[in-house]
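Remarks on the structure that follows.
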2 protein chains.
Amino acid sequence: MVKNNREQIHHLLRNSHLSVTETRVKILELFMKSNGALEHSDFEKKLGQSFDRVTIYRTLQAFLDKGIIHKIPTTDTSVRYALCKSECSEHDHHDHHVHFKCEECGTTLCLEETDVPSIQLPKGYAVHNVEVVVSGVCKQCK
Amino acid sequence: MVKNNREQIHHLLRNSHLSVTETRVKILELFMKSNGALEHSDFEKKLGQSFDRVTIYRTLQAFLDKGIIHKIPTTDTSVRYALCKSECSEHDHHDHHVHFKCEECGTTLCLEETDVPSIQLPKGYAVHNVEVVVSGVCKQCK
DNA sequence: AATTACCTGCAACTAAGTTGCATATTTCTT
DNA sequence: AAGAAATATGCAACTTAGTTGCAGGTAATT
C-alpha cells in the first residue's frame with residue numbers, strides 16, 4: 001500500500017520530467033493523505049523545520065508548472081493547492097470541477113463529481129476557464 | 001456631476017454609520033471611477049503617499065464590514081475588491097453575479113448582468129454561497 | 001462650542017514571497 | 001559503477017503584505 005504509493009509518486013514525478021527527491025515525495029504524500037486542499041503554511045507545519053521554506057515554494061511552483069497540482073481561488077491572501085486528477089498534464093489541464101469550502105472546519109475540497117456549469121456571458125467576452133467555489137457546510141460538519 | 005458623486009458618497013457613508021473622511025471619500029471615488037476591481041496596492045499607487053498604508057487597510061475592512069464592497073476570489077495572494085450594488089447592505093448581501101478576469105489586461109470585472117447558475121452538489125452539502133470567476137479575454141482586448 | 005465618538009498616522013512587529021549563489025543530490029552517459 | 005552534466009536545495013538577504021497598540025486629530029452629537 002505504502003510501497004504502491006511510493007511507486008506511483010515516482011512515476012508521476014518521472015513522467016513530469018522532475019527529479020525524484022525527498023521533498024517532492026514528502027509533499028506529494030501529504031497531498032495524497034489529505035482529503036482537502038493545502039496551502040504553503042500547512043507544509044511548513046507538517047514537514048517541520050527539516051525543509052527550507054524556499055524549497056517548498058519552489059516545489060509547489062514546479063508541480064503547478066507540470067500540471068500535477070492546481071490552485072483554488074480564495075478571497076484572502078492564502079493560496080490553496082490540490083492534486084489534479086491523473087488525466088491532467090502539463091499542456092492539457094482539465095480540472096473542470098467545483099470546489100467547496102466548509103465554513104465550519106475550513107477545509108477546501110475538490111468535488112470531482114460536480115462539473116462546473118456552462119455559463120453564458122454577455123456578447124464580446126471569450127471564455128477560457130470557469131472557476132466555481134461554493135461555500136457552506138460539508139458532510140462531516142453537518 | 002462631481003458634486004453629485006460627492007453627495008452620493010456622503011449618503012453612502014452616513015447610511016453605513018461611517019464618518020465622512022477624506023480617505024474614505026477618495027477611496028470610494030476611485031472605486032466609482034474604476035471599471036474593474038481594485039486591490040490594496042492600487043490604492044497605494046493612486047493615492048500616493050498622502051495616506052497611510054494602515055488607514056487603507058482599515059478603510060477597506062470597514063467598507064467590507066458594512067457591505068459597501070465585496071471581495072473577489074483570486075488564485076494568487078492578492079485580494080481584490082469591488083463596489084457592491086446599491087441594494088446591498090450590512091446584513092443583506094446579494095452580489096450573486098459572475099466575475100470576469102481578463103488574461104490580457106489583467107482587469108477584473110463584475111458582470112452584474114450575469115447571474116451565477118444554481119449548482120447541484122452531492123447529497124450532504126449545505127450551500128451558502130456560490131462564487132464564479134471566469135477568465136478569458138474581455139471586450140476591449142479582443 | 002464643548003464633549004464624545006470615531007478615525008488616522010506612526011512605530012514596531014509578524015508573516016509571506018522572491019532572488020542569487022554556493023553546495024549537494026539526482027540523473028545521464030559510457 | 002564512476003564521472004560528468006543537469007537539477008534541486010539551503011542559506012542569506014531582501015521585498016512586499018498585513019497586524020496591533022497607542023497617542024493625537026478630526027468628525028459628529030448635544
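Sequence lines set the chain letters: A, B, ... in the order given, protein chains first and strands last, and positions in each chain run from 1.
For an aromatic pair to be called close, the ring centres must be under 6.0 Å apart, and A/Y81 with A/F43 fails this.
Nearest nucleotide to the side chain of B/R24, out of C/dG17, C/dC7, D/dT29: C/dC7. For B/R53, whose side chain is taken as the heavy atoms from C-beta onward, the closest listed nucleotide among C/dA12, C/dT18, C/dT8 is C/dA12. Considering only side-chain atoms of A/H40, the nucleotide from D/dA8, D/dC11, C/dG17 that sits closest is C/dG17. The side chain of B/T55 lies closest to C/dT8 when the candidates are D/dG18, C/dC7, C/dT8. Listed nucleotides: C/dT27, C/dA16, D/dT9. Nearest to the side chain of A/Y57: C/dA16. Of the candidates C/dA16, D/dA27, D/dA12, the closest approach to any side-chain atom of A/V54 belongs to D/dA12. Among the nucleotides D/dA8, C/dC7, C/dG17, the one closest to any side-chain atom of B/S19 is C/dC7.
Counting any heavy atom pair closer than 4.0 Å across all strands shown, B/R58 reaches a base atom. Nucleic acid contact for A/S41: none, since no nucleic acid atom lies under 4.0 Å from a heavy atom of the residue.
Residues B/T108 and B/R80 bring a donor and an acceptor atom of their side chains to less than 3.5 Å of each other.
Using five terminal pairs a side, the axes of the helix from C/dA1-D/dT30 to C/dT30-D/dA1 at its two ends make an angle of 40°, given in steps of 10 degrees.
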- CA sep, side-chain torsions, deciding dist, call: B/L30, B/L47, side-chain contact (heavy atoms from CB on, under 4.5 Å): CA-CA 9 Å; B/L30 286 176; B/L47 295 175; 3.7 Å; yes
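More than 12 heavy atoms of other residues, nucleotides or ligands shown are found within 6.0 angstrom of NE2 on A/H128.
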